[in-house]
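Scroll down for the structure; my scribbles are underneath it.
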Amino acid sequence: MRSSHPRSAAVAALVATALATGLLAGSADAAEGAVSADPIRIHDIQGTTRISPLNGKQVTDVEGIVTGVRAYGSRGFWIQDPNADDNDATSEGVFVFTNAVPTVAAGDAVKVSGTVGEYVPGGVNSGNQSVTQISKPTVTVVSSGNALPEATAINEYSVPAEYAPAGDPAAAGSINGLTLEPSRYALDHYESLEGMNVKIGTSRVVGATDPYSELWVTVKGWENTAKRGGTIYGSYESQNTGRLQIQQLAPIAQQPFPVANVGDRLTGTTEGPLDFNQFGGYTLVARTLGTVKAGTLAPEKTKPQAEQELAVATYNVENLDPTDPQEKFDALAKAVVENLASPDVLALEEIQDDNGAKNDGTVSAEQTLTKFTSAISAAGGPAYQWRTVNPEDKKDGGEPGGNIRQVFLFNPARVSFTERAPGDAVTATGVTKVNGKAALTHSPGRVDPANPAWADSRKPLAGEFVFRGKTVFVIANHFGSKGGDEGLTSHHQPPVRSSETKRLLQAQAVNGFVKQILAEDKNANVLVLGDINDFEFSATTDALADGGALYPAIKSLPKAERYSYVYQGNAQVLDQILTSPAIKKFTYDSVHINAEFAAQNSDHDPQVLRFRP
């Protein structure tokens with residue numbers, strides 16, 4: 001997660017790009033076909049669709065009251081016409097992009113002349129909706145100290161239950177040209193308020209404060225509520241219309257942003273202009289920010305495994321490398337021991353090489369793993385051993401130079417690792433029979449590493465373990481990220497999810513490998529786990545489970561507990577453990593220790609499965 005306002009350099013670059021591509025219609029030629037002599041009002045600029053009917057035109061002496069001033073990031077101010085028309089589809093507010101620090105103040109009555117444009121945060125290829133704005137302005141302050149236009153309330157009664165209209169097939173699925181229906185669709189409702197002074201009342205926090213001084217609330221307290229206070233994203237049609245991002249207008253140096261966790265409440269009135277940004281869409285940029293009232297949410301602790309139970313876990317430790325502070329190693333280690341109850345097998349994702357993001361050809365992660373396993377022992381955990389296959393340099397994606405990979409940790413006092421001709425980065429492990437039972441040709445080994453599905457992505461790590469005389473196959477994964485997918489607020493509806501193509505191929509490859517094991521032994525104990533980077537209802541998960549080869553164990557949980565990650569206020573599944581048919585009885589736990597909290601050791605919650613082989 002990120003926010004536009006603390007990164008002024010990035011914003012300036014985006015603005016420069018937008019100007020260069022004509023999105024801000026900054027040329028004199030744009031004034032051709034000047035508007036009529038009738039006074040232009042803000043609702044004339046906004047129009048009844050997402051694109052201004054005056055896009056690219058010069059406007060003169062547009063009147064409004066300043067409702068908010070942003071002196072950092074995308075610098076400018078919002079104005080609103082206090083005399084609204086009678087059309088709910090037309091916003092009465094608009095952003096004035098100044099580039100320089102604005103010289104106006106809230107309450108100023110102003111006249112603005114400039115060029116109307118549509119600025120797309122993130123660029124036209126992002127799929128984001130555009131922000132209607134006036135650029136290259138000439139501003140005249142008529143008077144100061146005026147009352148602000150009354151804020152429009154955004155609440156459970158005003159926001160429709162349906163999220164968005166279907167995109168126009170004739171416009172590649174875009175909703176930009178459709179007339180807004182603010183009483184029917186949530187996205188249309190928010191768009192009809194773009195740039196206006198809005199307010200929310202006391203609301204539950206559904207996305208914790210992030211490093212960029214923003215949080216998420218829901219104005220619909222009952223909408224797909226998670227057991228611990230968040231909002232569940234349970235299907236592509238459950239976008240959760242009540243979610244709203246909150247930022248503040250005051251610079252952080254002047255007014256620290258409140259720290260909130262999921263389940264806390266933002267109490268009182270939060271009021272300010274409704275913006276649209278690259279990292280979350282519609283955002284209330286608070287001129288007046290409510291007060292956070294802390295809840296009682298605490299990190300979970302899973303139940304220890306019984307003597308005859310094998311506990312297998314997965315945890316994305318977010319680019320762990322020896323240059324990280326010892327505090328991160330200690331915190332992750334404490335979580336393994338206290339929150340995960342020292343699982344017998346722990347599959348780790350995002351273990352970086354021995355010098356992290358330094359891009360010098362290093363691929364070994366011995367120092368990273370030594371430091372981590374030592375921290376676990378120091379925290380009172382077992383003396384874990386590890387197995388992994390080092391990647392080829394710069395072949396597996398992730399942070400440049402980091403060479404992330406999956407790693408097995410295992411407790412040798414409880415489980416043994418069966419080593420069979422350990423593979424390397426480019427050698428595929430296969431399936432054979434040993435003593436009448438399925439076995440891997442390479443353990444540890446990589447699954448189908450030459451498959452184009454794994455280009456610039458982490459290859460699956462497979463290994464054989466023995467617990468109480470029974471063989472268990474574990475396949476650790478870190479599928480391709482969702483990078484490149486359009487956000488839920490995209491002007492394409494439904495949004496384009498381009499990253500799914502690669503994950504679908506990856507899932508098919510893993511499913512095929514599992515089927516090879518089951519073909520040799522239909523009763524084989526197989527666990528496929530890791531950061532799947534996709535939902536339990538996705539085509540990716542369906543492909544993993546194809547033919548009954550695997551069952552997504554998170555589906556054994558009540559829907560209100562199915563999540564491992566919180567993104568833009570949506571609690572959702574990215575991390576999974578899937579079981580082969582022989583594993584009929586198990587207990588599953590998504591152990592919520594990170595995703596709901598402002599203070600995180602990783603942005604993912606680990607998963608634990610316990611069963612008796």
Sole residue of Q129, Q245, E194 in side chain to side chain donor-acceptor pair (under 3.5 Å) with Y282: Q129
On a heavy-atom basis, the closest approach of I51 and S130 is CD1-OG, 3.6 Å
Indicate whether any N or O donor in one side chain lies under 3.5 Å from an N or O acceptor in the other, for H604 and S564. no
Test of understanding: with ring-ring contact (aromatic ring centres under 6.0 Å, His included), list the residues that count as partners of F77, not counting sequence neighbours. none
With no hydrogens and no angle check, just 3.5 Å: does a side-chain donor-acceptor pair link Q80 and E92? no
If you apply the rule ring-ring contact (aromatic ring centres under 6.0 Å, His included), what do you find for F537 with Y236, and how did you get there? CA-CA 8 Å; F537 52 80; Y236 293 122; 4.9 Å; yes
Shortest non-hydrogen contact from G177 to T49? O-CG2, 3.7 Å
Check T209 against P258 and note the closest heavy-atom contact, atom names and distance. OG1-O, 2.9 Å
Check R41 with D81, please: is the shortest side-chain N to carboxylate O separation under 4.0 Å? yes
P121 backbone acceptor or donor facing Q278 side chain under 3.5 Å: no
Carefully, step by step, assess T152 and K199 under the rule side chain to side chain donor-acceptor pair (under 3.5 Å). CA-CA 6 Å; T152 301; K199 66 181 179 181; over 6 Å; no
For the atom pair OH (Y233) and OH (Y567), what is the distance rounded to the nearest 0.5 Å? 11.0 Å
Using a distance-only test with no angle check, is there a side-chain donor-acceptor pair under 3.5 angstrom linking T115 and K57? no
Taking atom types as modelled, find out whether S126 and E486 have a side-chain donor-acceptor pair closer than 3.5 angstrom. no
The reported gap from CD in E349 to CG in L574 (rounded to nearest 0.5 angstrom) is 11.0 Å
Does a side chain donor of either E536 or Q576 reach within less than 3.5 Å of an acceptor in the other side chain? no
Smallest separation among heavy atoms of S158 and A153, with atom names: OG-O, 3.5 Å
Does any N or O in the side chain of K395 come within less than 3.5 Å of the main-chain N or O of S457, such that one atom is a donor and the other an acceptor? no
Does a side-chain N-to-carboxylate-O contact under 4.0 Å join E561 and K227? yes
Here the salt bridge (charged side-chain N to carboxylate O under 4.0 Å, His left out) pairs for residues 279-289, sequence neighbours left out, are E271-R287
V104 and V139, any side-chain heavy atoms less than 4.5 Å apart: yes
Rounded at 0.5 Å granularity, tell me how far CG in L187 sits from CD in E181. 12.5 Å
Does D188 come within less than 4.0 Å of R50, counting only side-chain N to carboxylate O? yes
I'd like to know whether the aromatic ring centres of Y565 and F535 sit less than 6.0 Å apart in this structure. no
Given N594, V566, N316, the one that forms side-chain contact (heavy atoms from CB on, under 4.5 Å) with D605: N594
Sub-3.5 Å donor-acceptor pair from the side chain of Q493 to the main-chain atoms of A166, do we have one? no
Where is the tightest heavy-atom contact between F597 and L297, given as atom of each residue plus distance? CE2-O, 3.8 Å
Heavy-atom pair with the smallest gap, counting every atom of G167 and I175: CA-CG2, 3.7 Å
Under 4.0 Å between a side-chain nitrogen and a carboxylate oxygen: does that hold for D534 and K482? yes
Side chains of T90 and D85: do they bring a donor and an acceptor to under 3.5 Å? yes
Within the 4.5 Å heavy-atom criterion, are V205 and V292 side-chain neighbours or not? no
Keeping the roles fixed (side chain from D168, backbone from A170), state whether a donor-acceptor pair exists under 3.5 Å. yes
Does the side chain to side chain donor-acceptor pair (under 3.5 Å) test come out yes or no for D108 and S144, once each step is laid out? CA-CA 4 Å; D108 285 354; S144 298; 2.8 Å; yes
For Q247 and S213, which I'm curious about, is there any donor-acceptor pair between the side chains at under 3.5 Å? no
Taking ring-ring contact (aromatic ring centres under 6.0 Å, His included) as the cut-off, I'd like each qualifying pair that reaches into residues 140-187, sequence neighbours left out, listed once. none
Is the shortest side-chain N to carboxylate O distance from D275 to R70 below 4.0 Å? yes
Roughly how far, to the nearest 0.5 Å, is CG of L274 from CE of M196? 9.5 Å
Check the pair W78, N197 against side chain to side chain contact (heavy atoms under 4.5 Å, CB included), reporting the backbone distance first and the verdict last. CA-CA 9 Å; W78 289 266; N197 190 35; over 6 Å; no
What I want to find out is whether D485 reaches R497 closely enough, with some N-O distance under 4.0 Å, to be called a salt bridge. no
